[in-house]
Amino acid sequence: MSKSLPKRSENYSEWYNELVKRADLAENSAVRGCMVIKPYGYSIWEKMQRALDDMFKETGHTNAYFPLFVPKSLFEAEEKNAEGFAKECAVVTHYRLKNNPDKPGKLMVDPEAKLEEELIVRPTSEAIIWSTYKNWIQSYRDLPLLINQWANVVRWEMRTRLFLRTAEFLWQEGHTAHATREEAIAETEQMLHVYATFAEEFMAVPVIRGKKTANERFAGAEDTYCIEAMMQDGKALQAGTSHFLGQNFAKAFDVKFVSKENKQDYVWGTSWGVSTRLMGALIMAHSDDEGLILPPKLAPIQVVIVPIFKGEEQLNLISETVLPIVAELKKKGISVKFDHSDKQSPGFKFAEYELKGVPIRLAIGARDLANGTVEVARRDTKEKKTYAISEIVETVSNLLEDIQTNIYQRALNFRFENTHQVDTWDEFTKILEENPGFIAAHWDGTPETEEKIKELTKATIRCIPLEAVEEEGKCILTGNPSSKRVIFAKSY
RNA sequence: CGGGGUGUAGCGUAGCCCGGUAUCGCGCUUGGUUUGGGACCAAGAGGUCGUAGGUUCGAAUCCUGCCACCCCGACCA
């Protein structure tokens, strides 16, 4: 195993794959397309879960859990949704194995144990959940119903990549039911903003809030909202989606309520989700050729302290100084690791914690003890400075905030520099080849044109930004009139 | 699912064309010296060469099937 990572500039996807493995985030498993999320990677995911879950609770949602399996008859009830996912469903057909008479010691599927009705392994849970909601909702008093679940889902993908696209992935899916169209739309938008806030404030990843075109819409939704982030190779990554389901699922599963006026109507639905794909976004948005760069708010270890010592005596002296610092930092809610192991050299530890994206590293040795100082290195800029021990706690806690805002700002600048307004087809294709990134351009609003552009350039419409300004323009391909710019990009 | 490629120790590899059971580096173990940017020396452990069959006195090497993974296309959060 070579010491350094592949360079981003030479092979971006190889850099990503290697980084995920070398930083101990995840690895491939014995199951095709499914990953093992390793402890370090999982603790980042747990931090994401915690922050998101708090935000969901804050906005009135509660958690519940629905089954992994969906009977085929339920799954197919909402036709568009079923059709959209049909090609990537895992299906359970049998419930028993038996000894194989031809191959001693081997098992085979027992043909006697065929299920009467096949079970679909959920690719998403609308079907099972709405079939349950039917029993839970009778009156306007039962609404709104605001539920979230943390779960795994399975989508049988042809080509998979750690975190970005795996056959099984972890996510949360919110499923809500409302009395009015307006309220459901408001919920859809609210949750989109929750996602955007999470991405920007916790992940330090700036996102564009927008709506999907008909082509890219969730199967079974009336409208799909999304947040789109730019990765360091200029490609777009859809980081979260929020769907306004209209009355589609209510009608498919016959979920009606009686209003105050004693009238029957179908309820209005939403669903929204983010997945372990966020891990991919986090990695690709900030990290460099030395390894991960984690935002302090999601870093499992925010500060690592590396003592530089010869022999136990020196270590003891250093520990006398370090342990009170550790205690004070912990009191401030900062997660600290004092790595006093003598199994690795300091240089090894430096490289290792850089690879793992620990935001701040403190180094302290005999020289520092004599001077009453500590060396502070920040991961995002690689800057090293020496501070007095007395001011270290204050310095570290300010620095964590600095790093959080700095990497956000850096990602925002990067997106700004790689977003182009384009008005001609020539420019459009030229930029896609030379300067991959986001392109804000006019589009005539038809699926045919979008499809054609995709064919010609591989770029798709990532979203119609919510904050798009009304502006007269001509479609980049057809020259037909358009009222606002949409975001084109190649995407993950 | 189409086109191309690769499977040799935990990881990365040499050997394959031209058959004689395996090379090197990292990692691992033990001992010693080290420790301000991935330490050094010495001694060790570890391999059904992806898998099943075939050719042969003999197969990592040649032939056939299968499996897995990677890259490029079609599909997708």
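By convention in this document, chain letters (A, B, ...) are assigned in the order of the sequence lines, proteins followed by strands, and residues within each chain are numbered from 1. Note that the structure is predicted; figures quoted are calculated from it, not measured.
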Taking 4.0 Å as the cut-off, does a side-chain nitrogen or oxygen of A/Lys310 come that near to OP1 or OP2 on B/rU35?
yes
Ignoring backbone atoms, test whether A/Ser345 places a side-chain nitrogen or oxygen under 4.0 Å from the OP1 or OP2 oxygen of B/rA39.
yes
Note: contacts of residues 212-245 of chain A with RNA chain B (heavy atom, under 4.0 Å) are A/Gln238
Can you list, by residue number, the residues of residues 371-392 of chain A that have a non-hydrogen atom closer than 4.0 angstrom to RNA chain B?
A/Glu375, A/Lys384
List for me each residue that meets ring pair (Phe, Tyr, Trp, His ring centres under 6.0 Å) alongside [X], sequence neighbours excluded, and say none if there are none.
X	answer
A/Trp272	A/Phe56, A/His61
A/Phe488	A/Phe428
A/Tyr12	A/Trp15
A/Phe202	A/Phe198

Based on Watson-Crick and G-U pairs with both distances under 3.5 Å, what dot-bracket line describes RNA chain B 5' to 3', crossing pairs as [ ] and inter-strand pairs as |?
((((((((.[[[..)....(...]]].((((((.....)))))).....[[[[[..)....]]]]])))))))....
On RNA chain B, compare the nucleotides closest to A/Ala363 and A/Tyr492; which residue's is nearer the 5' end?
A/Ala363
If the threshold is 4.0 Å, N to carboxylate O, is there a salt bridge linking A/Glu189 and A/Arg209?
no
Would you mind writing out the side-chain donor-acceptor pairs for residues 82-94 of chain A within the sub-3.5 Å range, not counting sequence neighbours?
none

A/Asn406: what forms a side chain to side chain donor-acceptor pair (under 3.5 Å) with it, not counting sequence neighbours?
A/Asp380
Side-chain donor/acceptor contact of A/Gln344 with base of B/rG38 under 3.5 Å
no
Mind checking salt bridge (charged side-chain N to carboxylate O under 4.0 Å, His left out) for A/Asp53 and listing every partner two or more places apart, or none if nothing turns up?
A/Lys57
Listed pairs under 3.5 Å, donor-acceptor, residues 306-325 of chain A side chains, sequence neighbours left out:
unit_1   : atom_1 : unit_2   : atom_2 : d
A/Gln314 : OE1    : A/Lys310 : N      : 2.9
A/Asn316 : ND2    : A/Glu312 : O      : 3.4
A/Ser319 : OG     : A/Leu315 : O      : 2.9

Without decimals, in angstroms, what is the distance between A/Glu352 CD and B/rC26 P?
18 Å
Tabulate atom names and distances for all N/O pairs under 3.5 angstrom spanning the protein and nucleotides 43-46 of chain B.
none

